[in-house]
Amino acid sequence: MAGTSTTERGAWNSKLGFILAAAGSAVGLGNIWAFPTKVATEGGAAYIVVYLISTFLIGFPVMVAELAIGRKSGKNPVGAFKALSSNKFFPFVGLWGVICGVMILSFYTVIAGWAFGFAFEEIFYYFGWVDAANWLTDTGNGPKNAIIASVFMLGTIKIITGGISDGIERATKFMMPLLIGIIVIMIGYVLTQPGASEGVREYLLPDFSKINANLIFSAMGQAFFSLSLGMGALITYGSYLNKKENIPQAAAFVTLADVGIAFLAGLLIIPAMYVAKNAGIDIFVGDELASSTDLVFQILPALFHSIGGAIGLLLGVVFFLLLSIAALTSTISLLEVPVSFVIDEYEVPRKKAAWGVGLGVLSVSIVVAFYPVLIGYFDYIFNNLGLPIGGLLTSIFVAFVWKTDSAITEMEFGFAGIRQTLFAKVWPVFIYVIAPVAILYNIISNFL
Ligand code: TRP
């Protein structure tokens, strides 16, 4: 970035780079760890149906809104709400987003650290270093959790200090295609193993009697989390987006990539559960899964160990590295939000902001590392509740303060004929009515 000041904001180099970075933000532990687990424990294919409806009817329209806010303002979430209206309340919505990002990141790195540790666990297991392997599999071990979460956070900070095109874009451009390739190879392997077809049936045939208010609330929260919505991550990523790009189209790509990878991860992991069961690995207590972390962090290692030999080792290492990579492209986006806030609002140079904020978040992570029970509380407050509330207020902002018409004017850059399309007529209805009403209704019915 020659000839620019230290507070230069940067921009995406290419359209593909932006889409891969935004898809990299979306695709993470949410897709590969949380989604299959929730499908398995909260209603099988019926859960998927509600998740898909939430994604397309609520998530996608809100994503378009966030990207339009970001590109129009060219700012972090707090700065963006300030720039687009004189209303004094909405910058606090941006600030709430920054806080949610910091808190989600603090526990996300601990789970990412588990995944990263398991890649090495597979190696230690293979060589018969049982003590070292067991040390890594103990998700309740505070010092171990803290060490690996720190390594993970330092990697994230390092990439963020590189800026937009040289840091985030370059890293994700290489990691995303690799991730998809590896998942597809593993699905090919699992589906040819005995027992897999039972899992495929469980995954794809919905039992609609399982749908209730809790399932809907959980699936909606999952949709927001998985798309990285509701806390301004896509306002921030949109702020680096070129005026030539077509916002609804980019949002559609990102949404489809996110759903596609969640679907593939489920198609890998749910059948793998049944393959493991078929191989005599005990994963069910009665009809229920033993526990939610068990799915990825116990069943899969057991499966890899039962395969054994070099193939078991290879699959295990590759899978957990892949999960770590997916998590890394997500932690990058979670950290970029508070960092861009500090850069824009306090005119701090990027390097300083990245280290300052990153190490601050790491101190919270270390607390979580020692008290993993916090994960459940943080997840509920900042993810299940925080993100839909952020999405609700973002929709209200675009509908009643900034106005959907101004958003569409912004989208005309990169999509000249947008006013003549069905999208321009339908999208405002989702922002005025469908998204806010559905989110509010789901939050309230979850409390009742
Ligand atoms: N979407 C990521 C996942 O599925 C997590 C994530 C990254 C996120 N950035 C975010 C969630 C911003 C909410 C907001 O794992």
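Ligands are counted one by one from 1 in listed order, and the atoms in each one are counted from 1 as well. In this chain, numbering begins with 1 at the start of the sequence shown. Because only heavy atoms are used, hydrogens play no part in the values below, and waters and symmetry mates are left out as well, while side chains stay in.
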Atoms of ligand 1 less than 4.0 Å from [X] heavy atoms?
X: L334; value: 7 (C), 8 (C), 9 (N), 10 (C), 12 (C)
X: N31; value: 4 (O)
X: S25; value: 1 (N), 2 (C), 6 (C), 7 (C), 9 (N)
X: L29; value: 15 (O)
X: S333; value: 7 (C), 9 (N), 10 (C)
X: L387; value: 13 (C)
X: S226; value: 1 (N), 4 (O)
X: M231; value: 12 (C), 14 (C)

For F18 together with Y240, are the ring centres under 6.0 Å from each other? no
Any heavy atom of V337 under 4.0 Å from ligand 1? The part involved is neither
Checking heavy atoms under 4.0 Å, the part of A26 that sits near ligand 1 is backbone
- Query: Taking atom NZ of K243 as the centre, does the number of heavy atoms from other residues, nucleotides or ligands within less than 6.0 Å exceed 12?
  - Reply: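 Correct, the count exceeds 12.
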Please determine whether the number of non-hydrogen atoms from other residues, nucleotides or ligands lying under 6.0 Å from atom OH of Y441 exceeds 12.
no
Exercise. Using a strict cut-off of less than 4.0 Å between a Lys/Arg side-chain nitrogen and an Asp/Glu carboxylate oxygen, indicate whether K82 and E345 qualify as a salt bridge.
Key: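 E345 and K82: salt-bridged.
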- For atom 6 (C) of ligand 1, which protein heavy atom lies nearest, and how many Å away is it?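 Result for atom 6 (C) of ligand 1: S228 OG, 3.5 Å.
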Original post:
Got the closest protein heavy atom to atom 15 (O) of ligand 1, with its distance?
Top reply: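 In this structure, atom 15 (O) of ligand 1 has Y108 OH, 2.5 Å as its nearest protein heavy atom.
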Original post:
For ligand 1, is F224 a contact, meaning one of its heavy atoms is under 4.0 Å away?
Top reply: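 Not so, F224 does not reach ligand 1.
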Practice problem: Could you tell me whether the side chain of E122 reaches within less than 4.5 Å of the side chain of F319, counting heavy atoms only? | Solution: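 Counting from C-beta outward, F319 and E122 never come under 4.5 Å.
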* Does some side-chain heavy atom of L95 sit less than 4.5 Å from a side-chain heavy atom of F341? ->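 With C-beta onward as the side chain, the pair touches.
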Note to self: Using a plain distance cutoff, I'd like to know if G30 has any nitrogen or oxygen under 3.5 Å from a nitrogen or oxygen of ligand 1.
What the structure shows: yes
